[in-house]
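Here the structure comes first, spelled out in structure tokens, and everything after it is commentary.
Throughout, a chain's letter reflects where its sequence line sits, starting with A, and its residues are numbered from 1.
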There are 2 protein chains.
Amino acid sequence: MGAECHHPDGVHPGLKGSALNHALGAAEQRCAATQERLTAPRRRVLELLLESNSPQKAYDLIAAFGAHGEPAKPPTVYRALEFLERLGFAHRIESLNAYVPCRIDGQSHRAAFLICDCCGAADEFEPDFTAQLAAATKAGYQVSTITLEARGRCAACSAPASS
Amino acid sequence: MGAECHHPDGVHPGLKGSALNHALGAAEQRCAATQERLTAPRRRVLELLLESNSPQKAYDLIAAFGAHGEPAKPPTVYRALEFLERLGFAHRIESLNAYVPCRIDGQSHRAAFLICDCCGAADEFEPDFTAQLAAATKAGYQVSTITLEARGRCAACSAPASS
DNA sequence: ACACCTCCTGTTATGAGATAACATAACCGG
DNA sequence: CCGGTTATGTTATCTCATAACAGGAGGTGT
Ligand SMILES: [Zn+2]
Ligand SMILES: [Zn+2]
Ligand SMILES: [Zn+2]
Ligand SMILES: [Zn+2]
């Protein structure tokens, strides 16, 4: 039984209140340290990502951007996402056309995701790419970035249905 | 000098003539063995992928589909691509929104790509996902598929410019 | 302050990628 | 031949992303 499961979205809680402010403050500091500017629209998009509990589509962010339900114009959000990705504050999940805030502290890094096909959760983890980098070098490639996306079921969604 | 290089597309030669027919024949046989049908549009899309020397966009395939320059309708090609992916005859490269024929013989497998940002080549290789699968298991995930895409420069494009 | 440059933003419009929905046709087993 | 199943044809629409250009904010040197 339970060929389909319908767990609600969300594995990450989504930040609120002081935790959210703290994360945004930390981002400001990291920007200041590198002469980058966390401007209003960039900060707002990062805030939306941090608040959410699941990967966000660009047009979800566009719709949620304004304080009173006013949407943003697409370039506003896409530019902010480009900035956030460049600085390592956010990642794009290619197989979902969606974005998540970086959950791994520290600077820019190679990202990898475990994506649950059931509840939509996307867990970032620190990948060990030693084997693949060796293969790339052997093939004569100079690798600059790697993305890995694993699809499957998270622990909660693999558990037997309670109903 | 040489901040940009402009090598022509293509690392894979692209199949022609008897090699192409042989590959298509092999695909027919694999389909027959599993009660699947390599119908005309599916065969045509596979042919276009095999002929090409670089990842093909869906709308490139749509434009090239007809024998006399007549384009296909989008669903025709997207359905064929879905079939070819399902059977392991083709792979989608998420970070390019493009498709390649599988270059690794045998049945369905986990794919990984080395993608050259300079010439656009996409080399498929057999990945060793041992480390990542271990990490996924540790996190409680049951992984069904993995895709890995490494960006960088191929051997030819890393070589010093001749000009 | 001023001129200057650079980076960022606002806005309009458009391009690229993918799918929904429904009707028709081919295939296959009985 | 009939009926279920699978695949195709066709129209329309949806989602995702960027080009292009005008204007504003923030620095730097004089
Ligand atoms: Zn991260
Ligand atoms: Zn789940
Ligand atoms: Zn393959
Ligand atoms: Zn190259």
Side-chain angles (χ1 to χ4, degrees), chain A residues 27-28 31-49 54-68 70-87 89-100 120 147 149, chain B residues 27-28 31-49 52 54-68 70-87 89-100 120 122 147 149:
Chain A
E28 300 244 36
C31 284
T34 56
Q35 248 102 38
E36 299 279 359
R37 295 155 58 197
L38 188 64
T39 56
R42 293 168 176 176
R43 183 185 171 107
R44 175 60 177 149
V45 170
L46 178 56
E47 182 181 27
L48 288 170
L49 290 176
S54 60
Q56 295 292 292
K57 302 270 197 179
Y59 274 71
D60 293 341
L61 298 170
I62 286 166
F65 185 88
H68 306 293
E70 321 299 329
K73 303 289 173 64
T76 302
V77 166
Y78 279 105
R79 284 166 179 160
L81 287 170
E82 181 185 356
F83 171 86
L84 295 172
E85 277 201 86
R86 181 162 60 80
L87 269 70
F89 291 126
H91 301 294
R92 172 179 165 81
I93 300 182
E94 298 284 354
S95 60
L96 298 177
N97 290 353
Y99 303 83
V100 290
T147 62
E149 298 175 14
Chain B
E28 299 244 37
C31 285
T34 56
Q35 249 103 38
E36 297 279 358
R37 295 154 58 197
L38 188 64
T39 56
R42 292 167 176 177
R43 183 184 171 109
R44 176 58 176 151
V45 171
L46 178 56
E47 183 181 28
L48 288 170
L49 289 176
S52 78
S54 60
Q56 296 293 292
K57 302 270 197 179
Y59 274 71
D60 292 342
L61 299 170
I62 287 166
F65 186 88
H68 307 292
E70 321 299 332
K73 304 289 172 63
T76 302
V77 166
Y78 279 106
R79 286 166 178 162
L81 288 170
E82 181 184 356
F83 171 86
L84 295 172
E85 278 201 84
R86 181 163 58 81
L87 269 70
F89 291 125
H91 301 293
R92 171 178 167 81
I93 300 182
E94 298 285 353
S95 61
L96 298 177
N97 290 351
Y99 301 82
V100 291
T147 61
E149 298 175 16

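Smallest separation of non-hydrogen atoms from A/L96 and A/K57: O-NZ, 3.0 Å. Nearest heavy atoms, B/C31 versus B/F89: SG-CE1, 3.7 Å. Across all non-hydrogen atoms, the minimal contact from B/Y99 to B/L49 is O-CD2, 3.7 Å. Nearest heavy atom pair, residue B/R44 against residue B/G66, reads NH2-O, 4.0 Å.
At D/dC16, one or more side-chain N or O atoms of A/K57 fall inside 4.0 Å of OP1 or OP2 (strictly under the cut-off). A sub-4.0 Å separation between OP1 or OP2 of D/dC16 and a side-chain N or O of A/R92 is absent. Dashed line: the shortest gap from a side-chain N or O of B/Y59 to OP1 or OP2 of C/dG17 is not under 4.0 Å.
We find that CG of A/L81 is positioned 11 Å from C1' of D/dA17, with the value rounded to whole Å. For the pair B/L96 CG and C/dA18 P, the interatomic distance rounds to 11 Å; values are reported in whole Å. In this structure, A/E70 atom CD and C/dG10 atom C1' are separated by 15 Å, rounded to whole Å. A/L38 has its CG atom 18 Å from the P atom of C/dC7, to the nearest Å. Here D/dC16 presents its C1' atom at 9 Å from CG of B/N97, a figure rounded to the nearest Å. Computed from coordinates, the A/R44 CZ to C/dT9 C1' distance equals 17 Å when rounded to whole Å. A/L61 places its CG atom 11 Å from the P atom of D/dC16, with the value rounded to the nearest Å. Rounding to whole angstrom units, CD of residue A/E82 and P of D/dA19 are separated by 10 Å.
Between the CG atom of B/L38 and the CG atom of B/L87 there is a distance of 9.0 Å, given to the nearest 0.5 Å. In this structure, A/L84 CG and A/H91 NE2 are separated by 11.0 Å, a value rounded to the nearest 0.5 Å. In this structure, CD on B/E47 lies 11.5 Å from CG on B/L61, to the nearest 0.5 angstrom.
By the 30° and 60° cut-offs, the orientation of the rings of B/Y59 relative to B/Y78 is perpendicular.
Within the helix from C/dA1-D/dT30 to C/dG30-D/dC1, the inter-axis angle between the opening and closing five-pair segments is 40°, rounded to 10°.
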At a cut-off of 3.5 Å, list every protein nitrogen or oxygen paired with a nitrogen or oxygen from nucleotides 4-12 of chain D, distance to 0.1 Å.
{"from": "D/dA7", "atom 1": "OP1", "to": "B/R42", "atom 2": "NH2", "distance (Å)": "3.3"}
{"from": "D/dA7", "atom 1": "O5'", "to": "B/R42", "atom 2": "NH2", "distance (Å)": "3.4"}
{"from": "D/dT8", "atom 1": "OP1", "to": "B/T39", "atom 2": "OG1", "distance (Å)": "2.4"}
{"from": "D/dG9", "atom 1": "N7", "to": "B/R79", "atom 2": "NH1", "distance (Å)": "2.8"}
{"from": "D/dG9", "atom 1": "O6", "to": "B/R79", "atom 2": "NH2", "distance (Å)": "2.5"}
{"from": "D/dT11", "atom 1": "OP2", "to": "B/K73", "atom 2": "NZ", "distance (Å)": "3.4"}

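Counting only heavy atoms from C-beta outward, the side chains of B/L81 and B/R92 never approach each other to under 4.5 Å.
As judged by a 4.0 angstrom heavy-atom cut-off over every strand, A/Y99 is placed among residues touching the sugar-phosphate backbone only.
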